[in-house]
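Step one of this worksheet: look at the structure below.
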Amino acid sequence: MSKSRAKKLGREKYPMIEKEKNKKKNGMLKKMLPAVRGYEKQTVGASLMIVAEGVLEILIPFLMTKLINEGIDVETPNMNIILSIGGLMLLMAFLALGAGALCARFAAVAGTGFAMNLRNMLFKKIQSFSFANVDRFSTASLITRLTTDVTNIQNLFTMLIRMTVRNFVIMITAFCFAIAVNAKLAIVFAVSIPVLGFVMLFIMIKAHPFFEKMLTKMDLMNARVQENLIAIRVVKAFVKGEDETVSFNDAADTLRRAQVAAERIVIWNNPISQLIFYAAMVSVCYFGGSLIVGGDMLVGDLSGFLAYIGQILSSVMMLSMIFVSFIITRASQKRITEVLDEQIDVNDDDADPHLSVEDGSVEFNMVDFSYSKNPENLTLENVSFRVRSGETVGIIGGTGSAKTTLVQLIPRLYDVLNGSIRVGGHDVREYKLDALRDSVAMVLQTNLLFSGTIEENLRWGNENATEEQIHAACRAAQAHDFIMSFPEGYKTNLGQGGVNVSGGQKQRLCIARALLKNPKVVILDDSTSACDTATDAAIRHALRTELRGTTTFIIAQRIASVMDADRVIVLDNGRVVAFDTPEKLLKTNDIYREVYESQMKGSEA
């Protein structure tokens with residue numbers, strides 16, 4: 001292979017380290033902007049309707065000034081002017097009400113659609129994560145980002161399209177009208193604007209770190225909830241309900257204190273804003289009264305001016321609320337952007353879309369692997385072996401010897417740090433991920449089932465499988481008999497996480513689900529530990545007879561599970577210390593012999 005091709009496949013020494021250094025971050029808002037797609041009309045419509053409402057509200061004080069000056073504040077009141085201008089004001093009020101109602105509807109549709117799209121973007125990105133990417137985020141944190149953080153952004157988005165445009169239009173237009181009425185009084189009022197801007201900036205700088213801390217504490221509380229609910233049977237079995245309640249109360253109280261610390265700063269925004277603007281209004285009333293007494297200003301002009309000042313005050317207060325929401329959601333924006341910007345460790349951009357796995361041969365060539373991508377902290381080191389297609393290979397080793405890590409590299413759940421892995425004669429990085437993983441069936445240590453019926457769970461392996469194929473896979477996994485013992489058979493609802501079946505039954509259903517893929521490689525990661533020895537032996541016999549030509553890797557703690565394997569890999573501290581037939585290993589390898597003697601001699605006696 002040429003050097004350029006080797007670089008393309010990432011064969012150079014420790015390529016992921018350099019990739020991490022070159023990671024680039026995009027702007028937060030730019031990253032979330034695609035979530036508006038499909039709801040552009042509602043977004044623009046909400047903004048246009050709210051602008052129309054704002055313009056109508058601005059014209060009402062202008063007409064009120066004219067009504068007072070020409071219809072009321074004269075020696076002889078003019079009823080024609082009062083009725084005509086008053087009727088026009090009433091019409092504008094109704095039009096403003098209609099525009100506001102349309103805006104509310106458009107904004108609600110746009111906001112919920114934006115949140116839906118943003119959650120879909122996040123979920124799709126999470127689905128593309130490698131195991132290494134998932135390891136960098138806790139499950140509880142990802143749930144918080146998909147729920148609480150997205151809701152925060154949705155509220156901000158709705159406020160932006162409903163209030164920001166409206167209040168900016170009203171504030172600027174009202175200020176222009178105020179200048180037209182009396183420029184001197186407008187200048188008195190304008191002095192308060194930069195003072196308020198400084199206060200808001202100060203609050204934002206001080207509050208942001210507290211909200212980041214608050215969301216981190218929320219992640220921890222959610223983690224306590226998730227952990228407790230998943231392990232609820234263990235909690236009850238060990239009578240630890242009171243301890244778990246105390247632990248949760250501590251986490252909830254820690255979150256409360258973080259929320260109070262954050263809110264303690266932003267609550268100053270509203271009273272300080274009101275203090276500044278009411279002080280400005282008092283000044284306007286004082287100077288405006290002086291101008292009226294001196295004959296330099298009409299009563300109607302002061303009334304209109306005060307109405308404009310009230311509108312400006314209302315607009316600024318609303319903008320202040322948006323500002324506070326921005327402070328609160330800034331931390332949420334950052335957390336969402338972290339997920340969207342996460343660089344996927346495992347990708348198939350350079351893979352051949354037409355390449356498929358021809359057989360189940362597997363070859364490791366001087367493979368190094370580290371979860372931290374640190375060459376000084378290797379989990380697997382210099383691993384090399386070759387497995388022929390159709391072989392059954394056992395894997396044994398002590399706890400922490402990296403047995404699971406080894407097999408997770410075959411379907412590229414993680415990428416190697418150095419070296420290469422070949423499946424079906426090609427480097428795994430040459431395949432599209434879908435093509436590779438469709439050819440490798442893996443039953444993990446943790447047996448996971450989903451809400452729905454047994455049949456629906458089995459069809460994860462092959463959604464187009466016939467009833468005969470499903471039954472055949474279940475017979476091979478020794479699951480058919482217990483399934484048929486249920487009143488509804490394959491239509492039995494498993495409940496969330498498969499709570500209606502035992503641990504051994506879960507394992508057999510997961511094996512059947514994997515077999516339905518008709519894979520080239522099957523990996524059983526300690527997948528029969530909850531089954532009795534007779535069932536374990538029956539499953540292994542079925543795999544040999546039903547899946548001829550399929551390469552099978554069996555990780556097991558019981559030596560009996562690998563004794564009839566063609567060959568056995570012995571791992572010790574991330575290194576392959578032996579790879580041979582069980583008979584030869586019994587004579588030549590101390591680790592294998594020690595495990596054999598500790599498990600088998602007692603049963604023989």
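All figures in this text were calculated on a predicted structure; none of them were measured in a lab.
No donor-acceptor pair under 3.5 Å is formed between the side chain of R119 and the backbone N or O of V150. T245 places a side-chain N or O within donor-acceptor distance of the main-chain N or O of G241, the cut-off being under 3.5 Å. Checking side-chain atoms of N117 against main-chain N and O of R37 turns up a donor-acceptor pair under 3.5 Å. Judged purely by atom type and a 3.5 angstrom limit, T453 uses its side chain to pair as donor or acceptor with the backbone of E456. The backbone N or O of R335 sits less than 3.5 Å from a side-chain atom of R145, completing a donor-acceptor pair.
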(Q) Test side chain to side chain contact (heavy atoms under 4.5 Å, CB included) on K506 and L449; report intermediate values, then the result. (A) CA-CA 7 Å; K506 277 186 184 180; L449 297 171; 3.8 Å; yes
Q: Step by step, work out the side chain to side chain contact (heavy atoms under 4.5 Å, CB included) result for R429 and D350.
A: CA-CA 8 Å; R429 287 165 289 194; D350 298 325; over 6 Å; no
Q) Passes side chain to side chain donor-acceptor pair (under 3.5 Å), D345 versus S130? Steps please. A) CA-CA 6 Å; D345 286 27; S130 69; 4.5 Å; no
Q.
Does M214 form a side chain to side chain contact (heavy atoms under 4.5 Å, CB included) with E263? I'd like the steps, not just the answer.
A. CA-CA 10 Å; M214 180 197 76; E263 296 289 347; 5.8 Å; no
Q: Kindly determine whether D434 and R437 satisfy salt bridge (Lys or Arg N to Asp or Glu O under 4.0 Å), including the steps that lead there.
A: CA-CA 5 Å; D434 288 348; R437 291 173 182 172; over 6 Å; no
Q.
Determine whether L220 and K217 satisfy the following criterion, side chain to side chain contact (heavy atoms under 4.5 Å, CB included), listing intermediate values before the conclusion.
A. CA-CA 5 Å; L220 294 176; K217 299 301 181 185; 4.2 Å; yes
Q.
Evaluate E342 against K125 for salt bridge (Lys or Arg N to Asp or Glu O under 4.0 Å), listing each step before the verdict.
A. CA-CA 9 Å; E342 177 72 6; K125 185 62 180 277; over 6 Å; no
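Nearest approach of I81 to S84, heavy atoms of both residues: O-OG, 3.1 Å. Annotation for C103 and A46: closest pair SG-O, 3.4 Å, computed over non-hydrogen atoms. Nearest heavy atom pair, residue W268 against residue R264, reads CD1-O, 3.1 Å. Shown here for A110 and I161, the closest heavy-atom pair between the two residues is CB-CD1, 3.9 Å. Residues R136 and N133 approach most closely at NH2-ND2, 2.8 Å, considering heavy atoms. Between A465 and I470, the closest heavy-atom pair is CB-CG1, 4.0 Å.
Distance CG/L142 to CD1/I126: 4.5 Å, rounded to 0.5 Å. With values rounded to the nearest 0.5 angstrom, L516 atom CG is found 6.0 Å from L458 atom CG. Note that the CD1 atom of I344 and the CG atom of D415 stand 12.0 Å from one another [nearest 0.5 Å]. Expressed to the nearest 0.5 Å, how far CG of N120 lies from CD of Q127 amounts to 11.0 Å. Interatomic distance, CG of L83 versus CG of L90, reported as 11.5 Å (0.5 Å rounding). Taking NZ from K213 and OG1 from T254, the interatomic distance works out to 9.5 Å, rounded to the nearest 0.5 Å.
Contact check for I454 versus L509: side-chain heavy atoms found under the 4.5 Å cut-off. In this structure, I153 and F114 have side chains that are in contact, with non-hydrogen atoms separated by less than 4.5 Å. Here the side chains of Y431 and D348 are not in contact, with every heavy-atom distance at 4.5 Å or above. Residues E53 and L97 fail the side-chain proximity criterion, which asks for heavy atoms closer than 4.5 Å. Under the 4.5 Å side-chain criterion, counting only non-hydrogen atoms from C-beta, N152 is not in contact with Q333. Between Q154 and F157 there is no side-chain heavy-atom pair separated by less than 4.5 Å. When side chains are defined from C-beta on, V339 counts as touching F129, because their heavy atoms get closer than 4.5 Å. Within the 4.5 Å cutoff, the side chain of R513 has heavy atoms near those of the N457 side chain.
Crowding of K432 atom NZ: a count of heavy atoms from other residues, nucleotides or ligands under 6.0 Å exceeding 12.
Between Y371 and Y414, the ring-plane angle classifies as perpendicular under the 30° and 60° cut-offs.
When each of T151, D149, N155, T337 is tested with S332 by the rule side chain to side chain donor-acceptor pair (under 3.5 Å), just one qualifies, namely D149. Tested against N222, the residues T148, T144, T147 include a single side chain to side chain donor-acceptor pair (under 3.5 Å) partner, T144.
Residues satisfying the salt bridge (charged side-chain N to carboxylate O under 4.0 Å, His left out) test with R257, not counting sequence neighbours, are D253.
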